[in-house]
Amino acid sequence: MHENYSLKPYNTFGVDVKARYFTEIHTVEELKEAISFSGSHSLNTLFLGGGSNVLFTKDFDGLVIKLNLKGISVQPVNENEVLVTAKAGENWHEFVMFCLDKNFGGLENLSLIPGNVGTSPMQNIGAYGTEIKDVFYDCKVLNLETLEIETFDLEKCRFGYRDSIFKQEGKGKYVILEVSFRLTFRNHKIKTEYGAIQSELESSGIENPTIQDVSRAVINIRQSKLPDPKETGNAGSFFKNPTIPLAQFEALQQKFENIPGYPNGNSVKVPAGWLIEQSGWKGKQIGNVASHKLQALVIVNATGNATGKEIFDFSTEIINSVKEKFGIELEREVNII
């Protein structure tokens, strides 16, 4: 147990804030002990995974528990599928690479997403036409009130767009311990129609891609557009892509002919990056904070010295700017602490 501990190495924005108490746990028993310590001292508690989806705007006056549960196991399901279970502290991208090395398909489109396995169900992470819910089987969680282990299946998790029960009524009530995914080891379903995957494959002369080919294409695309958090502090996509009513989208088309949209029934998902770029923010820097020069959806700690408040205020200016121009209010995807 550490006191007044710097969290700078534990958040991908590289914001230098301190936790009143900090501990790193490797077993469920250690986790229970840390929770008991927190309860006996009436402390606020924050569970930290890879720190890739969090923005600290101030010091944390409580206990930060870094989840470092490790381990991966594989269980055959049938002649075409396996159940792969990873502990919460496993790095997400390394876990995806593990699956691809074994020729397990289903996660390849989610390559190079920052963070750990344990946080992946919380916001139903997704990219390039795939979301966690597409391959999710179940997860084991620790009930923070009873300290009992419970199992949440697909239905119980109530996944939505960057959403789950863990961000709604289950927020602050559970800690995810491990996650199981139902993956294929033959007859893979290849998804190449989203984003620039197909053109990336074509440029490499690949006509019949494997899941490994798709993963490499996704990695190339992400590396060409997104900054490496190890080099420039960021949390990936800072905002959700807003979904608006079809009528509102059609009205915007009258004014902005090139506005992109992805229809879904009577609603349309609009790329937040396009809205931000059209509002003049792509590459723009104010003080220590900037919108990335290649992807407006990403806010970066441009100098390495930004405070969480500076980053938060910068995001607020973007929200106000987009709302004024398009009448759409962006929602932050990053958790604000």
Side-chain angles (χ1 to χ4, degrees), residues 53 55 109-110 112-113 123-131 159-163 167 191-203 217-218 220-227 232 234-287 289-302 310-336:
N53 195 46
L55 174 63
N109 293 52
L110 305 179
L112 212 63
I113 291 180
Q123 61 170 9
N124 183 26
I125 63 171
Y128 300 101
T130 298
E131 291 180 318
F159 290 123
Y161 172 61
R162 301 298 177 269
D163 198 18
K167 291 184 72 173
K191 291 184 180 180
T192 63
E193 66 277 7
Y194 198 95
I197 294 179
Q198 191 61 47
S199 59
E200 179 70 25
L201 291 168
E202 289 172 359
S203 68
V218 168
N220 290 341
I221 296 166
R222 292 183 72 91
Q223 287 180 332
S224 70
K225 292 169 57 177
L226 302 173
T232 306
N234 74 91
S237 300
F238 198 92
F239 302 98
K240 295 180 181 180
N241 291 319
T243 299
I244 62 175
L246 177 60
Q248 182 182 359
F249 181 77
E250 291 174 342
L252 284 169
Q253 280 183 310
Q254 300 300 313
K255 190 175 181 181
F256 307 98
E257 292 182 7
N258 297 325
I259 184 171
Y262 301 93
N264 182 17
N266 290 320
S267 62
V268 180
K269 185 182 292 183
V270 182
W274 187 89
L275 297 171
I276 296 167
E277 182 175 345
Q278 296 301 310
S279 299
W281 286 92
K282 187 176 183 180
K284 185 174 182 178
Q285 181 169 339
I286 299 176
V289 188
S291 173
H292 192 250
K293 61 183 179 181
L294 298 178
Q295 174 52 271
L297 192 56
V298 178
I299 294 177
V300 298
N301 183 349
E310 284 182 284
I311 295 169
F312 181 82
D313 290 346
F314 186 91
S315 71
T316 299
E317 291 201 41
I318 290 177
I319 290 171
N320 293 340
S321 180
V322 169
K323 187 173 183 179
E324 182 178 346
K325 186 177 181 73
F326 295 99
I328 298 174
E329 185 159 2
L330 296 180
E331 183 181 348
R332 295 177 181 90
E333 188 173 318
V334 174
N335 294 311
I336 309 299

So which of T232, N234, L226, V300 actually passes side-chain contact (heavy atoms from CB on, under 4.5 Å) with H292? V300

Are more than 12 heavy atoms from other residues, nucleotides or ligands located less than 6.0 Å from atom CG of N264? no

Residues two or more places apart in sequence or in another chain: which of them pass ring pair (Phe, Tyr, Trp, His ring centres under 6.0 Å) with Y161? none

Are the side chains of S291 and F238 in touch, meaning some heavy atoms are under 4.5 Å apart? no

For F312, does the six-membered ring have the charged nitrogen or CZ of R332 within the cation-pi criterion, i.e. under 6.0 angstrom from the centroid and within 45° of the normal? yes

Between the CD atom in E277 and the NZ atom in K284, the distance rounded to the nearest 0.5 Å is 14.0 Å

As an exercise, state the distance from NZ of K225 to CG of N220, rounded to the nearest 0.5 Å. 12.5 Å

Would you find a donor on one side and an acceptor on the other, under 3.5 Å apart, between the side chain of N266 and the backbone of L246? no

Side-chain heavy-atom pair L55, I299 within 4.5 angstrom cut-off: no

Smallest heavy-atom separation, I318 atom then I276 atom, equals CG2-CG1, 3.8 Å

Are I328 and L252 packed together at the side-chain level, in the sense that at least one heavy-atom pair is separated by less than 4.5 angstrom? yes

Enter the distance from N320:CG to S279:OG here, rounded to the nearest 0.5 Å. 11.0 Å

Kindly indicate whether the side chain of Q123, heavy atoms from C-beta on, has any atom under 4.5 Å from the side chain of V334. no

Side chain of Q285, backbone of G287: donor and acceptor closer than 3.5 Å? yes

Rounding to 0.5 Å, atoms CD (Q198) and OG (S203) come to a distance of 10.0 Å

Can you tell if the side chain of V270 reaches within under 4.5 Å of the side chain of I259, non-hydrogen atoms only? yes

Nearest heavy-atom neighbours spanning V268 and G261: CG1-CA, 3.6 Å

Student check: side-chain heavy atoms of N109 and I197 closer than 4.5 Å: yes

What's the spacing between R162 CZ and I125 CD1 if we round to 0.5 Å? 8.5 Å

Do other residues, nucleotides or ligands put more than 12 heavy atoms under 6.0 Å from K167 NZ? yes

Look at the rings of W274 and F256 and say which category their plane angle falls in: under 30° parallel, 30 to 60° tilted, over 60° perpendicular. perpendicular

The complete set of side-chain hydrogen bond (donor to acceptor under 3.5 Å, both in side chains) pairs with one or both residues in residues 244-259, sequence neighbours excluded, reads none

Mind checking the CG-NZ spacing from L275 to K323? Nearest 0.5 Å is all I need. 14.0 Å

With F239 via ring pair (Phe, Tyr, Trp, His ring centres under 6.0 Å) - residues at least two apart: none

Can you give me the closest heavy-atom contact between L330 and K240, atom names plus distance? CD2-O, 4.4 Å

For residues A127 and I113, report the shortest heavy-atom separation together with the two atoms involved. CB-CD1, 4.1 Å

What one should report as the nearest heavy-atom pair of L297 and G273 is CD1-N, 3.9 Å

